[in-house]
Each structure stands twice: as C-alpha cells, then as structure tokens.
Amino acid sequence: MTISGSWQRTARGAGLLAPDGRIASTIFAEMSSLAQATGAINLGQGFPDEDGPAEVLDAARRAIADGVNQYPPGTGIPALRQAIAEHQQRFYGLRVDPDREVLVTAGATEALAATILALVDDGDEVVTLEPFYDAYGGLISLARGIHKTVPLRRPDFLPDHDELRAAVTDRTRVILINTPHNPTGTVLPRETLELIVELAHEHDAIIVTDEVYEHLTFGYPHIPVAALPGARERTVTISSAGKTFSTTGWKIGWIVSTPELVTAVLAVKQFLTYVNGAPFQPAIALGLALPDSFYDGIAATLQAKRDLLSQGLVKAGFDVTVPHGTYFVVADAAPLGYADAATLCRELPALAGVVGVPISAFCHEEVGQEYASLVRFAFCKKVDVLERAAAQLAQLARLGR
Ligand SMILES: *Cc1c(COP(=O)(O)O)cnc(C)c1O
C-alpha cells in the first residue's frame with residue numbers, strides 16, 4: 001500500500017522518514033537514548049527537572065477533586081482568558097478583550113499549528129529566523145507553505161537587517177519570529193522588531209510571534225511585538241504556561257490577537273484538539289496572577305544556573321555565547337578541535353558524561369554548515385546536576401585535543 005498524505009510529505013521534507021518509509025530517529029531522540037544508555041547528564045532536552053510553584057500544582061489537584069474534568073469551553077475557561085488579558089496589561093500595558101482576543105490552546109505547539117494552517121495557503125512564503133524551533137519547518141510544510149529563513153549572525157545571533165529586508169517580499173504571508181529565541185538565547189532588540197513591523201506593513205504580511213520564554217530573560221527586557229506602534233492589528237502573539245511555570249507536560253498555551261485573527265485560528269483549532277486540560281486551566285489562571293516576586297525569582301534563579309553551566313563550558317574550552325534569555329546556552333566546540341558538533345555530541349557522554357544537541361538540528365541542511373561546530377545545552381536543571389555537569393565538562397580541557 002502506498003501512503004502519501006500531508007504527513008508523509010512533511011516527514012520526507014523534514015528528513016523524518018527514512019527511505020524505507022520508517023520514521024528516522026531525530027538527533028533529539030538519538031541524544032536522549034544515548035543519555036539513558038550511558039547514564040550521562042541530559043542537557044539535550046529542554047524541560048525542567050524541578051516542579052513549579054506549589055500553589056499552581058495545588059490548584060490543579062483541587063480542580064480535579066472539585067470535578068473540573070469535562071470539556072471546557074472551546075476558547076478556554078473565562079477565568080483563564082481573563083488572567084491572560086490581565087497579564088498582557090500588567091506586563092506590557094496592552095489592553096486585551098478576554099472574550100474576543102484570547103484563545104486557549106493545547107500548548108504553544110497547537111497555537112502554532114492552528115495559526116499556520118489558518119493563515120498559510122499552498123505556495124505562500126513564511127519567513128523565520130534560522131536556527132529555528134523544529135516544529136516550524138514541519139508545520140509550514142504541512143500547510144504546503146514555502147519556508148524562507150534569515151540567519152542569526154554570530155557573535156550575537158542577531159539577524160542582519162539587510163538580509164531581513166531581502167527575505168520579506170510580496171510573496172510573504174507570515175513572518176514567524178521567536179523571542180526570546182530557542183536555541184540561541186537571543187532577545188530581539190527593539191530596532192529589529194520595528195523593522196519587522198515595517199516590513200509586515202510594506203508587504204501586507206502577518207506577524208506570528210512565539211514568546212514562550214517571555215519571562216525568562218536576564219537583564220534584557222522582553223519586548224512583545226504587539227506592543228509596537230502599528231503591530232497589533234497584524235500580529236498573532238503565542239505563549240504558553242509550560243516554560244514559565246515548569247509545567248511543560250500540561251500543554252496549556254494561548255493566542256492573543258485581533259478578533260478576526262482569533263476567529264480564523266479557532267476555525268482550525270476546533271478540529272485539532274477542540275479543547276484540552278480542563279483542570280489545568282484554572283491552575284494557570286492562578287499562576288498568571290502570582291506576584292512580581294515569583295516572576296523576578298524564576299529569572300534570577302535561572303540566571304544563576306546559566307552562569308554556573310557557562311563557567312563549566314568555558315573551563316572546558318568551549319567558546320560560549322552568553323544567552324540573554326531562555327534556558328539554553330550555545331557553545332562552540334571548534335576551540336576543542338571539533339568542527340562538527342554532531343560528532344562531539346556523540347562522543348560527549350563518554351568524554352564528560354554530558355549530553356547536548358548540535359545546533360544543526362535547528363537548521364536547514366544547506367545552511368547548517370555555518371553553525372556546524374555549535375552545541376546547545378539546557379540549564380533548566382537542579383543546581384547540583386549543573387554543578388556535576390560543569391565539573392565533568394571542565395575535565396575536557398585536560399584532554400587537550
Ligand atoms: C517549548 C517551545 C514551544 C512549545 O511549547 P508547548 O507549550 O510545550 O507546546 C514552542 N516554541 C518554542 C520556541 C519552544 O521552546
């Protein structure tokens with residue numbers, strides 16, 4: 001039997017299907033099983049190894065006990081939509097109508113999927129930064145869009161403004177950005193965001209902005225695109241509770257946009273999951289209303305973890321780019337004698353008992369070369385785990401390759 005649907009096309013395009021039709025293992029899966037097989041510390045996958053705020057976890061338990069276990073409303077429970085609107089006002093001064101401008105989704109992933117499927121037609125171009133979060137490539141090809149990228153240039157991983165101008169044309173339907181940026185840790189500066197808004201107007205494109213790390217920045221303020229003049233009416237803002245509250249398994253995300261765009265996205269979303277996470281929704285509503293001390297606390301804790309791991313990587317001999325946000329740090333293995341980060345990542349469990357992911361996993365094959373010696377390490381792990389990882393990595397310097 002020949003199977004040829006959207007998934008097969010996407011999977012082949014994204015290199016997920018082997019020639020024999022079986023699902024090829026991704027470097028993420030390969031590295032995670034390597035960590036398991038060797039007992040190495042897994043800094044490859046980006047999920048926290050500690051629970052988030054107890055009051056948020058308790059609220060979910062209470063909701064289950066109270067019988068909040070059936071389908072919630074299609075757009076999300078009113079209390080959560082209200083909390084999202086209040087969050088946008090409190091942190092960014094944005095006035096949002098919780099009934100018409102907010103949509104709760106099954107994580108940022110469903111928000112991205114529904115938005116791209118709603119907005120992108122066969123042959124429409126979608127411009128993203130590169131490296132890019134892996135789901136972007138798959139979703140653009142599911143929508144039969146054409147994926148164009150603008151490279152983030154070293155040493156700061158910022159896009160060149162001329163390259164950005166050249167990438168956006170009248171064929172561009174969506175400019176999909178991610179700030180703070182996974183995997184580089186870049187926080188896009190105001191000038192770049194202003195240019196993106198200008199280009200979106202000039203070419204009548206829609207801005208989709210993935211801001212799941214909005215609260216994880218280290219002295220560099222996160223600027224939501226929607227807060228810039230002229231941006232709001234053509235921007236879909238996507239965020240999620242997973243990273244902020246260390247609840248990546250709950251899959252509570254959301255969209256904030258105009259009533260017209262929310263309706264367009266809802267039209268697709270209703271046939272993806274319809275709804276999800278009934279007892280988690282009131283818990284996240286409570287979380288979003290936590291005092292500033294919570295938000296300051298998570299950023300400060302994470303910054304200390306960033307510094308701890310970065311020091312270990314520097315001692316090991318990597319060239320480290322200190323991230324301004326997210327919980328990832330990019331380290332260049334070239335000074336260690338590794339031109340190919342994938343090779344280092346395969347050897348690293350034996351050499352230092354640590355697992356990372358090559359940045360090429362977040363790139364198209366053709367441009368991966370530029371980032372060939374870079375590795376992403378996650379630092380959303382317990383302090384003692386990071387201390388051990390840093391000490392083990394420091395041993396690498398003695399190998400003197
Ligand atoms: C983790 C992540 C997501 C997915 O968020 P979920 O809420 O778990 O679906 C989306 N975008 C980026 C950049 C991420 O790092």
side-chain contact (heavy atoms from CB on, under 4.5 Å) between Leu117 and Val265, intermediate numbers included
CA-CA 8 Å; Leu117 290 171; Val265 175; over 6 Å; no

Go through the steps for Tyr136 and Asp210 under the test side chain to side chain donor-acceptor pair (under 3.5 Å), then give the verdict.
CA-CA 10 Å; Tyr136 298 174; Asp210 176 346; 2.7 Å; yes

Establish, yes or no, whether a centroid distance under 6.0 Å links the rings of [X] and [Y].
{"X": "His222", "Y": "Tyr92", "result": "yes"}
{"X": "Phe245", "Y": "Phe294", "result": "yes"}
{"X": "Phe132", "Y": "His147", "result": "yes"}
{"X": "His215", "Y": "Tyr295", "result": "yes"}
{"X": "Phe362", "Y": "Phe28", "result": "yes"}

For [X], is the [atom1] atom crowded, meaning more than 12 foreign heavy atoms sit under 6.0 Å from it?
{"X": "Phe91", "atom1": "CZ", "value": "yes"}
{"X": "Arg153", "atom1": "CZ", "value": "yes"}
{"X": "Gln36", "atom1": "CD", "value": "no"}

Drop me the distance from Leu57's CG to Phe280's CZ, to the nearest 0.5 angstrom.
10.0 Å

Residues [X] and [Y]: side-chain donor-acceptor under 3.5 angstrom:
{"X": "Thr326", "Y": "Asn182", "value": "no"}
{"X": "Lys251", "Y": "Thr109", "value": "yes"}
{"X": "Thr75", "Y": "Arg81", "value": "yes"}
{"X": "Thr149", "Y": "Glu130", "value": "yes"}

Are the charged groups of [X] and [Y] less than 4.0 angstrom apart, N to O?
{"X": "Arg154", "Y": "Glu370", "value": "no"}
{"X": "Asp204", "Y": "Arg173", "value": "no"}
{"X": "Glu50", "Y": "Lys305", "value": "yes"}
{"X": "Asp124", "Y": "Arg144", "value": "no"}
{"X": "Glu110", "Y": "Lys269", "value": "yes"}
{"X": "Arg100", "Y": "Glu260", "value": "no"}

Would Thr186 and His324 count as a side chain to side chain donor-acceptor pair (under 3.5 Å) here? Give the steps.
CA-CA 6 Å; Thr186 288; His324 295 171; over 6 Å; no

When you look at Val385 and Arg388, which way does the side-chain contact (heavy atoms from CB on, under 4.5 Å) test go after all the steps?
CA-CA 5 Å; Val385 172; Arg388 256 193 304 133; 4.0 Å; yes

Residue among Val355, Leu386, Val357, Leu348 satisfying side chain to side chain contact (heavy atoms under 4.5 Å, CB included) with Phe377
Leu348

Decide side chain to side chain donor-acceptor pair (under 3.5 Å) for Ser239 and Glu214; before the verdict, give the C-alpha distance in whole Å, the side-chain angles of both, and the deciding distance to 0.1 Å.
CA-CA 8 Å; Ser239 194; Glu214 60 187 315; 2.6 Å; yes

Treating Asp156 as the side-chain partner and Leu158 as the backbone partner, does any N or O pair qualify as donor plus acceptor under 3.5 Å?
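The answer is no, because no donor-acceptor pair under 3.5 Å joins these two groups.
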
Identify the heavy atoms of Thr247 and Ile284 that sit nearest to each other, and give their distance.
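Nearest pair, atom of Thr247 first, then Ile284: OG1-CD1, 4.2 Å.
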
